[in-house]
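All values below were derived from every heavy atom in this structure, side-chain atoms included, with hydrogens, water molecules and symmetry-related copies excluded.
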Amino acid sequence: MKKPIKSRRTVQPVRSAAAVAVLAAALSACGAAGHPRSSSADQLSADPLTAVRSAADITGRTGSVHATTQLTTESADKKAAFTGTGGYDYVKRIGRLEITVPPGAATTGTIQEIVLPGTVYLQNTGAKIPAGKWVKLDVRQLPDGNLVSSGATDPAGAAGALRGVQSAELVGTETVGGVELKHYKGSLDLAKAAEATGGRGADSLRMGAQTFTTKDVPYEAWLDAQGRLHKVIETFNFTGVAGSKAPKDQVKVVSTVSLGDFGKPVEAAEPAAGEIYSVQSSESPSAK
């Protein structure tokens with residue numbers, strides 16, 4: 001599907017205009033159908049490594065979460081910041097984000113993104129796609145697995161990456177919005193995170209592990225007394241020009257995801273078949 005992939009590039013400012021990618025892996029371990037188990041019994045572990053590695057599962061047991069995101073991409077000559085709002089339903093294993101595109105990006109308007117394990121749907125008001133239509137992509141079609149390619153990091157993917165944490169240090173305690181949070185920092189391995197996640201939900205993590213040039217991804221995480229994730233910052237690096245090691249061709253991506261409203265319902269649904277845009281339908285005789 002060359003045309004949909006091309007449309008994808010229009011929302012991938014890093015590769016086409018000097019920006020980059022998004023973590024769109026869903027938390028498969030927390031995605032069983034039915035009602036989530038109560039997280040009231042969860043408690044933050046005294047061991048930093050265990051605390052951070054457990055954050056994805058504990059957060060998933062809340063059933064759903066709302067989020068604000070910021071993705072900053074920086075190369076030698078360009079810097080751009082994308083912001084987004086949305087949420088993720090861990091029971092239905094689906095999330096939705098609305099992304100604001102900064103001035104000067106390769107595309108215009110806003111980007112709507114619906115994420116499921118291994119699949120992403122994109123709708124861009126500035127792309128050459130019929131109004132109301134969605135482009136459906138398998139994340140394995142994308143070099144970074146959609147970890148950072150649409151200009152935002154989905155909440156489930158950001159938390160899921162923490163399953164691959166290799167080191168964790170307790171920095172201190174901070175009070176944010178009246179909630180006491182423990183602040184940790186360290187590094188994570190996306191390949192290890194993929195192993196711990198498993199299934200289609202690990203596809204994005206596997207692809208990202210192959211694309212990003214830094215195996216040890218730096219992170220910072222803020223957890224509450226129950227071990228739920230309130231904020232995570234992850235820093236990725238990749239080569240903007242294939243095979244190049246020149247400093248001018250390197251791109252840094254800083255993903256920041258803030259979570260809240262745990263358990264509050266999230267409105268997200270997979271697009272109907274008639275809402276999907278495809279090359280075949282657009283080029284069929286009946287469509288001309």
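When atom types are taken as modelled, the side chain of Ser255 and the backbone of Glu234 share no donor-acceptor pair closer than 3.5 angstrom. Between the Gln166 side chain and the Gly164 main chain, a donor and an acceptor come within less than 3.5 Å of each other. In this structure, the side chain of Thr197 does not engage the main chain of Ala194 through any donor-acceptor pair within 3.5 Å. Judged by distance alone, with hydrogens and angles left aside, the side-chain atoms of Thr214 form no donor-acceptor pair with the main-chain N or O of Asn237 at under 3.5 Å. At distances below 3.5 Å, not a single donor-acceptor pair connects side-chain atoms of Arg96 with backbone N or O atoms of Gly86. In this structure, the side chain of Ser75 does not engage the main chain of Val251 through any donor-acceptor pair within 3.5 Å. Checked by atom type and distance alone, the side chain of Lys192 never pairs as donor or acceptor with a backbone atom of Ala161 at under 3.5 Å.
Note: the hydrophobic cluster containing Val171 does not contain Val232 (ILVMFWY, side chain heavy atoms under 4.5 Å, direct or indirect links). No single ILVMFWY cluster, assembled from side-chain heavy atoms under 4.5 Å apart, contains both Val266 and Val120.
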* To do: List the steps, then state whether side chain to side chain contact (heavy atoms under 4.5 Å, CB included) holds for Phe236 with Val217.
  => CA-CA 6 Å; Phe236 307 94; Val217 176; 3.8 Å; yes

* To do: Would you please test Ile58 and Arg61 for side chain to side chain contact (heavy atoms under 4.5 Å, CB included) and show each step?
  => CA-CA 5 Å; Ile58 291 175; Arg61 285 196 284 272; 3.4 Å; yes

Could you walk me through whether Leu223 and Leu229 satisfy the side chain to side chain contact (heavy atoms under 4.5 Å, CB included) test, starting with their C-alpha distance in whole Å, then the side-chain angles of each, then the deciding distance to 0.1 Å, before giving a yes or no?
CA-CA 5 Å; Leu223 312 179; Leu229 181 65; 3.6 Å; yes

**Request:** Apply side chain to side chain contact (heavy atoms under 4.5 Å, CB included) to Tyr90 and Thr59, showing your working.
**Result:** CA-CA 9 Å; Tyr90 295 101; Thr59 303; 3.6 Å; yes

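Residues satisfying the side chain to side chain donor-acceptor pair (under 3.5 Å) criterion with Glu270, sequence neighbours excluded, are Tyr121. Checked against salt bridge (Lys or Arg N to Asp or Glu O under 4.0 Å), Lys185 has no partners two or more places apart in sequence or in another chain. With sequence neighbours excluded, the residues satisfying side chain to side chain donor-acceptor pair (under 3.5 Å) with Ser167 are Ser187. Checked against side chain to side chain contact (heavy atoms under 4.5 Å, CB included), Pro102 has the following partners two or more places apart in sequence or in another chain: Ala80, Phe82, Ala105. Every residue was checked against the salt bridge (Lys or Arg N to Asp or Glu O under 4.0 Å) condition with Asp89, not counting sequence neighbours, and none meets it. Take Asp138 and apply the salt bridge (Lys or Arg N to Asp or Glu O under 4.0 Å) test, not counting sequence neighbours, and it matches Arg140, Arg200. Every residue two or more places apart in sequence or in another chain that forms a side chain to side chain donor-acceptor pair (under 3.5 Å) with Thr173 is listed here: Lys182. Listed by chain and number, the residues in a side chain to side chain donor-acceptor pair (under 3.5 Å) with Ser45 amount to none (sequence neighbours excluded).
Between Thr110 atom OG1 and Asn124 atom CG the span is 7.0 Å, to the nearest 0.5 Å. With rounding to the nearest 0.5 Å, the separation of CZ in Arg228 from CG in Leu44 is 11.5 Å. Note that CD of Glu195 and CZ of Arg163 are 13.0 Å apart. Values are rounded to the nearest 0.5 Å. One distance of note links OG of Ser258 with CD of Gln70; it measures 9.0 Å at 0.5 Å rounding. In this structure, CG on Leu190 lies 6.0 Å from CG on Leu205, to the nearest 0.5 angstrom. Atom CD1 of residue Ile94 and atom OG1 of residue Thr119 lie 10.0 Å apart, to the nearest 0.5 angstrom.
Sorted by first and then second residue, the salt bridge (charged side-chain N to carboxylate O under 4.0 Å, His left out) pairs with a member in residues 208-222 read Asp189-Lys215; sequence neighbours excluded. Screening residues 250-271 for ring pair (Phe, Tyr, Trp, His ring centres under 6.0 Å) gives His230-Phe262 as the qualifying pairs, with residues at least two apart or on separate chains. Sorted pairs that involve residues 44-78 and meet ring pair (Phe, Tyr, Trp, His ring centres under 6.0 Å), not counting sequence neighbours, are lacking altogether.
Contact record, Glu113 with Ile99: CB-CD1, 4.4 Å, taken as the closest heavy-atom pair. In this structure, Ala67 and Val257 approach most closely via the heavy-atom pair CB-CG1, 4.3 Å. Across every non-hydrogen atom of Pro155 and Val65, the tightest pair is CB-CG1, 4.2 Å. Between Asp203 and Gly118, the closest heavy-atom pair is OD2-CA, 4.0 Å.
Through chains of ILVMFWY side-chain contacts below 4.5 Å, Ile233 is grouped with Val176, Val179, Leu181, Trp222, Val254.
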